[in-house]
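Residue numbers run from 1 in the order of the sequence given. Just the heavy atoms: all of them, side chains too, but no hydrogens, waters or symmetry mates, feed the values below. Owing to the predicted nature of the structure, the values given are computational and were not obtained by experimental measurement.
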Amino acid sequence: MTQETQLSQIYLDANATTPVLERAADAALMTMKTMFGNPSSSHITGLQAKQLMEQTRQKARTVLGSGNGRVIFTSGATEGIQTGILSALCAAKKQMKPKQQYTLLYGATEHKAVPESLKHWNKILEINAEVKAIPVDGHGRLDQDFIAKEVPNALMICTMAVNNETGVYQDLAELETVIRTNHATVFWMVDCVQALGKRKLNLAQTTIDYAPFSGHKLYAPKGIGFVYIRDNAPLTPFIAGGGQESGLRSGTENLPGLAALNVIFDELLKEGNSEFVDVETLRQYRNQLAKTLKQAFPTIVFNNQFTNSVPTTLNFAIPGFSSKEIMDLFDAANIRVSSGSACSSKVTRSFVLDAMGLPAWQSESAIRMSFGPATTQAEIDAACERIGHCAQALGHSCLMQASNEISNKESLDGLVQFKIGGACCWLFADKQSKVAIIIDPLPELVERLKTILECQQLTLLAVLDTHGHADHESSRVAFSLATTASDHLGWPPQTETIEYNGLQLASLSFGRYQLALLPTPGHTADSVSYILLEQLPAKLVIKYVFCGDLILMGALGRTNFTTSSNDAMYNSIQALAEVITEETLLCPSHDYNNEFTTTLSAEMSRNSILNQVIQGELSATEFAKAKRLIDADINDETGTEIMCGAAVCGKDTFTLQEYTATELETQIANNQNLLLIDIREPHEYALNHNRAFDQNVPLTRLTDFVGKHSHNKAQPLILVCRSGSRSQAAAQALARLGFNNIGHLKGGYALI
Ligand code: PLP
């Protein structure tokens, strides 16, 4: 597929893995094609393979300064970690005295492979020691007093040379002093994965017993690693079998991986002319990136101190943006970064930054940018240029106040939906009158909303709550409005009255719109719904209803608060159903299942209690009885937020048409009527999109899109996003609302 802008990838995620150095890949290929022997074979092909392996081992020994220690090749660091822990614990078990309580210590910021393996072998070997995390300070440094106190009872202590998320390094000499002063013989493993090529290691000069390494973190392929074992440190083979590696690690050796490692070691051992740049150059790269980031995002906060971290890792957070948002933004600019460690990138916060005691927002918004010694100046220059583009794109979509080019911004018109967890906040902007209203403002969104209003030069008419929320503080007061006197939900004292459907409703007018107030108590006594009406030439029509927690997607608002009333909710549902149509879009205060918006008809078809109330098939007493049972199922204990509605029905799943890139080409060629929609946020779209997807409907604007296209639900639509997950959620939501010809690009842009 042709991209509008073909951007080459800039890979700044070296701590997750690196590309394979070209010469290393060539060497690996050579062993597959010509020198493919089994090092255990005694014929010439085998002898050649063995020679390559032993030469690689010799180079590893020089790189590590391993002295009389052993170097065993493994599949990677996780295997090396098992080897170290299994060996240490098998030996320690023999020395254990009855009835004594032992500990296994590990650094709180260690890669998960370490504590998980400690727990695993502790259990399997029935050692039953207490597995304890060594705390770190705000700079990520291990607490030496804790070690001094705890290590006398420890069977093993595991620390890391360089942290994978922050690049923070430990002073190994200091650590050694504190460990050995307090326990001369405790087994000590140091995870050296992220240190190779970045920190000098002279392992035989230390009392480190085990040190695992991984090839793929330094330009060798995945599937090859090695572990250093101190001379005379116990060793229990982790893999038994054919007796390879002198019986210490069985299994036919990974010769292609070894050949690649051989080349990497050559680079590390070169005095000059290496493909790996020196530490000073790496520092300059970091300074250049940090300076550019600060210019692009002036409020940026760095989560690691440059004084005690390797120069190849920057970890930062940008106030007001989640790490997912920044990842998406950078991915659109074809810069690959990561939010935390690759193995746990589904987790939205970083346990490493949490352990360092950084504020929650910094942990939730953390982005890691990492590079390696083979990174070139040209790549850093290109990355800096693109970081600038990212900031411009955010400014352009009014998510960041950019001093430049405000004039050519597209004016916001219509409804925008923001979500924090399950809670929704709605912004409606009228392009003509330049007026905006905000419904259910959330504290986390204040800065973002203010930036949008200022950047779009919108006048805020009202900031309204649909009720006093139990799950969050309203942030209404954070906005300064022309009219300050208003009731506790933000409704101004002097309003007009309009007649709609025989009802007299208080209303606010702006441009061709009216926002009418309909009291809808039940969830709470103060609950109201706001009805947005548009004056068309011939009539006044309802566009949206902001119904708070009266009707939610797949649920009704809970009615077991002190001011709740089932009778009131029963009446409110009926009153609302009288005013609106079955197809009016309901914009509730919560969206727990990523369904965005709904209609009465969509809810009535799956929510039988709602259906029965509206059809008059259930009395108020019967409703109250049924509702009490439903609310009894709400369990606030299990979640981190107060649930405002109890699900009465599961999330619907619709079978969607899922297209591959090739199938999409066919669809485009054969279907004139097809509408291709890029569902990413406008800044991502602006940075890079496929030319065929000439319409951008971000998820924040999906409800607006539904409102504008409900008359044409049969039109074929295909949605795309970065990875296929946003497009799938949006396609599901549209299918539920009756869009019946909808598909999405499976795997998103990532697989085009
Ligand atoms: N230790 C650290 C510090 C790491 O960064 C990683 C990889 O992310 C590992 C261990 C695991 O290495 P491997 O992928 O070779 O098993």
Side-chain angles (χ1 to χ4, degrees), residues 53-88 91 105-107 110-111 113-114 117 142 147 151 156-164 167-181 183-215 217-218 220 224-236 238 245-246 248-249 258 261-262 264-270 276 279 310 373:
M53 183 171 82
E54 291 313 327
Q55 189 198 56
T56 310
R57 197 185 319 272
Q58 199 42 49
K59 289 180 187 174
R61 301 179 72 88
T62 313
V63 166
L64 304 184
S66 65
N68 291 333
R70 291 172 174 147
V71 174
I72 297 175
F73 292 112
T74 61
S75 60
T78 303
E79 186 190 324
I81 289 167
Q82 309 312 304
T83 308
I85 292 177
L86 178 68
S87 300
L105 301 178
Y106 68 95
E110 217 73 14
H111 187 280
V114 171
S117 307
L142 288 166
I147 295 176
V151 81
M156 181 175 202
I157 176 165
C158 301
T159 63
M160 72 198 308
V162 173
N163 182 269
N164 46 310
V168 166
Y169 57 75
Q170 302 295 330
D171 185 331
L172 293 178
E174 257 183 30
L175 263 183
E176 178 165 49
T177 307
V178 74
I179 292 172
R180 293 305 172 205
T181 311
H183 192 158
T185 56
V186 68
F187 295 115
W188 182 21
M189 182 173 81
V190 178
D191 177 340
C192 288
V193 170
Q194 300 287 348
L196 189 66
K198 298 159 202 166
R199 301 278 295 164
K200 281 222 160 22
L201 296 164
N202 244 328
L203 292 174
Q205 309 278 308
T206 72
T207 58
I208 295 169
D209 295 295
Y210 307 97
F213 294 85
S214 180
K217 308 285 181 177
L218 198 75
I224 186 75
F226 47 103
V227 57
Y228 159 85
I229 298 139
R230 183 153 77 111
D231 189 23
N232 290 328
L235 178 51
T236 300
F238 172 61
E245 293 286 90
S246 312
L248 300 175
R249 196 278 186 189
L258 284 167
L261 260 189
N262 194 307
I264 302 302
F265 290 144
D266 278 343
E267 291 307 310
L268 288 172
L269 292 171
K270 273 184 191 163
F276 291 167
V279 174
V310 290

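Judged purely by atom type and a 3.5 angstrom limit, Gln55 has no side-chain atom pairing as donor or acceptor with the backbone of Asn262. At least one donor-acceptor pair under 3.5 Å links the side chain of Ser87 to the backbone N or O of Thr236. In this structure, Thr206 contributes its side chain and Asn202 its backbone to no donor-acceptor pair below 3.5 Å. Remark: side-chain polar atoms of Arg61 are paired, donor with acceptor, to backbone N or O of Gly67 under 3.5 angstrom. Of the possible polar contacts, none joining the Ser66 side chain to the Thr62 backbone as a donor-acceptor pair under 3.5 Å is found. Side-chain N or O atoms of Glu110 include one that pairs as donor or acceptor with a backbone N or O of Met160 at under 3.5 Å.
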- Working for side chain to side chain contact (heavy atoms under 4.5 Å, CB included), residues Asn164 and Val193: CA-CA 8 Å; Asn164 46 310; Val193 170; over 6 Å; no
- Query: Run the side chain to side chain contact (heavy atoms under 4.5 Å, CB included) check on Val190 and Tyr228 step by step: do they pass?
  - Reply: CA-CA 10 Å; Val190 178; Tyr228 159 85; over 6 Å; no
- Stepwise, does the side chain to side chain contact (heavy atoms under 4.5 Å, CB included) test hold for Phe265 with Thr56? CA-CA 8 Å; Phe265 290 144; Thr56 310; 3.9 Å; yes
- Worked verdict on Leu196 versus Leu268 for side chain to side chain contact (heavy atoms under 4.5 Å, CB included): CA-CA 9 Å; Leu196 189 66; Leu268 288 172; 4.2 Å; yes
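The shortest non-hydrogen separation linking Pro373 to Gly197 is CG-O, 4.2 Å. Here the closest heavy-atom approach between residue Lys198 and residue Val310 is recorded as CB-CG1, 4.1 Å. In plain terms, the two heavy atoms of Gly215 and Leu261 that are nearest each other are CA-CD2, 4.3 Å.
Ile264 CD1 to Lys217 NZ: the interatomic distance, rounded to the nearest 0.5 Å, is 14.5 Å. Note that CD1 of Ile157 is 4.5 Å distant from CD1 of Ile147, once rounded to the nearest 0.5 Å. Separation of atoms CG (Leu172) and CD (Gln205) is listed at 13.5 Å; rounding is to 0.5 Å. The line from NE2 of His111 to OG of Ser117 is 10.0 Å long, rounded to the nearest 0.5 Å. Atoms CG and CD, from Leu175 and Gln170 in turn, are 5.5 Å apart once rounded to the nearest 0.5 Å. Taking CZ from Arg230 and CG from Asp209, the interatomic distance works out to 4.5 Å, rounded to the nearest 0.5 Å.
Side chain to side chain, Thr159 and Trp188 meet the donor-acceptor criterion of an N or O pair below 3.5 Å.
Counting only heavy atoms from C-beta outward, the side chains of Pro234 and Phe187 approach each other to under 4.5 Å. A heavy-atom distance below 4.5 Å is found between the side chains of Phe213 and Leu64.
A salt bridge is absent between Lys59 and Glu267: the closest approach of a Lys/Arg side-chain nitrogen to an acidic carboxylate oxygen does not fall below 4.0 angstrom.
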Ignoring hydrogens and angles, write down the donor-acceptor pairs under 3.5 Å from the side chains of residues 68-77, residues two or more places apart or on other chains.
residue : atom : partner : partner atom : Å
Thr74   : OG1  : Gly76   : N            : 3.3
Thr74   : OG1  : Gly76   : O            : 3.0
Thr74   : OG1  : Gly225  : O            : 3.4
Thr74   : OG1  : Phe226  : N            : 3.3
Ser75   : OG   : Glu79   : OE1          : 2.7

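Applying the side chain to side chain contact (heavy atoms under 4.5 Å, CB included) test between Met189 and each of Val114, Ile229, Ile208 identifies Val114 as the sole match. Residue Gln82 forms a side chain to side chain contact (heavy atoms under 4.5 Å, CB included) with just one option from Thr78, Ile85, Leu86, and that option is Thr78.
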